[in-house]
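Report on the following structure.
Counting starts at 1 for both ligands and their atoms, following the listed order.
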Amino acid sequence: MENHTHSTTLSNTSSELGNHTDLKVHVFNSSSELLEKLHQRWSKVEKKPYPAMYSSVYGGIILDPAIMVIPIDDHMVHRGHGVFDTAIILDGYLYELDVHLDRILRSAAKAKISLPFPRSTLRSILIQLTAASKCKKGTLRYWLSAGPGNFLLSPSGCPTPAFYAVVIDDDFSQCKEGVKVITSTVAMKPPLFATMKNVNYLPNVLSVMEAEEKGAFASIWVDEAGYIAEGPNVNVAFITQEKELVMPLFDNILHGCTAKRLLELAPQLVEQGILKGVTTKNVTVEEAKGAAEMMYVGSTLPLLPIIMWDDQPIGKGEVGELTMALSDLLWNDMVAGPDTQRIPVPYIE
Ligand SMILES: Cc1ncc(COP(=O)(O)O)c(C=O)c1O
């Protein structure tokens with residue numbers, strides 16, 4: 001039976017190969033012909049999802065999605081030598097841009113990527129890009145790369161590091177429904193790579209895919225010592241049976257900007273007597289699974305209640321009151337927080 005299947009597969013493959021010899025691959029002889037083809041894809045799209053892009057290779061902002069591309073010899077493309085970060089655009093304000101900018105600079109330093117511009121220029125480019133995009137609600141994503149040059153490993157042949165950024169229209173709102181999660185079987189990144197936000201997200205992708213295949217929303221990584229680490233693109237937090245907010249230490253995982261802000265804001269709930277305390281510490285799987293409430297914490301959520309983990313309910317298996325109280329704190333900070341957290345975008349109408 002096995003042999004039969006094998007030979008069928010082989011004969012199919014060879015007949016397909018035979019057909020391929022008739023295939024004539026089109027050669028684009030002019031850039032205008034190619035541009036026309038690229039525009040075809042977008043001509044059918046009513047509302048462009050990416051209203052603006054900046055590229056240091058172009059030296060400016062472009063509004064045409066057909067040419068929002070980066071060079072194939074950029075080391076971020078073929079070697080993963082790039083770091084990235086994000087910021088949320090909400091009601092015409094950029095939320096926590098400075099904290100995210102500080103993090104991309106730390107990531108770039110760890111990845112040994114030098115800056116194409118000083119921090120103040122990067123910041124100004126991002127604000128001007130958001131203004132040019134006219135986007136009032138969405139995501140700003142940006143990358144620092146070793147830059148284009150060649151196809152080798154070492155970036156020594158890349159004359160200039162590159163900076164790219166794009167604005168993505170997005171409609172997000174406070175999460176009020178709980179989700180199911182699983183423990184990931186995909187290996188975690190070692191600390192050096194987990195603590196810098198670099199473009200190698202294959203483990204994260206596979207981890208999410210594994211969760212989806214098992215009917216869950218996303219996954220939880222547990223480190224080799226048996227402590228809770230993080231989710232594939234989010235941090236994780238718990239409310240203990242004693243009503244304490246607990247987050248895993250950030251030594252070996254990404255230090256989330258939302259988690260950082262949550263830890264700054266949560267003491268307000270302690271003062272009001274709603275929470276008993278706020279702590280960061282190593283959290284074992286046993287402690288975590290025995291928590292009263294559990295949540296994901298990340299920029300676009302900002303908080304997502306978790307009600308089931310590996311088919312076991314967390315607490316009562318429903319969205320927790322304290323989770324929602326923390327979610328309200330973060331959401332209010334996003335829509336009406338202080339000037340230190342929100343930069344008004346100087347749109348030109
Ligand atoms: C691996 C990982 N952990 C945690 C986070 C959460 O970080 P933040 O709150 O800055 O979005 C992210 C997202 O950036 C991430 O990719």
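Contact atoms of ligand 1 toward G256: 7 (O), 8 (P), 9 (O), 10 (O) (distance under 4.0 Å to a heavy atom of the residue). Residue contact check: Y201 has heavy atoms under 4.0 Å from atoms 1 (C), 15 (C), 16 (O) of ligand 1. Close contacts between ligand 1 and S299 involve ligand atoms 8 (P), 9 (O), 10 (O), 11 (O) [criterion: under 4.0 Å to a heavy atom]. Of all the atoms in ligand 1, the ones that sit under 4.0 Å from a non-hydrogen atom of H100 are 10 (O).
No heavy atom of H255 sits closer than 4.0 Å to any atom of ligand 1. Using a 4.0 Å heavy-atom cutoff, P302 is absent from the residues neighbouring ligand 1.
Checked by atom type and distance alone, the side chain of N235 pairs as donor or acceptor with a backbone atom of L254 at under 3.5 Å.
Under 4.0 Å is where a charged nitrogen must lie from a carboxylate oxygen, and between D169 and K47 at least one such pair does. A salt bridge does not link K37 with E33: every distance from a Lys NZ or Arg NE/NH1/NH2 to an Asp or Glu carboxylate oxygen is 4.0 Å or more. Salt-bridge annotation for D98 and R123: present, with a side-chain N of the basic residue lying under 4.0 Å from a carboxylate O of the acidic one.
Using modelled atom types, one finds a donor on one side chain and an acceptor on the other under 3.5 Å when comparing E210 with T185. In the model, T86 has no side-chain atom that pairs as donor or acceptor with a side-chain atom of T139 under 3.5 Å. Between the side chains of S124 and Q128, a donor-acceptor pair is found at a separation under 3.5 Å.
In terms of protein heavy atoms, atom 12 (C) of ligand 1 is closest to N233 O, 3.2 Å. Closest to atom 9 (O) of ligand 1, if we only count protein heavy atoms, is T258 OG1, 2.5 Å. Among all protein heavy atoms, the one lying closest to atom 1 (C) of ligand 1 is E230 OE1, 3.4 Å.
Residues Y50 and W42 place their aromatic rings such that the two centres sit under 6.0 Å apart.
Residue P232 touches ligand 1 through its backbone alone, judged by heavy-atom distances below 4.0 Å.
On a distance-only criterion, K197 and ligand 1 share at least one N/O pair closer than 3.5 Å. The shortest N or O to N or O distance between C257 and ligand 1 is below 3.5 Å.
K289 forms a cation-pi arrangement with W309, by the criterion of a distance under 6.0 Å to the ring centre and an angle within 45° of the ring axis.
If you check each of N204, N235, T86 against atom 6 (C) of ligand 1, the one with the closest non-hydrogen atom is N235.
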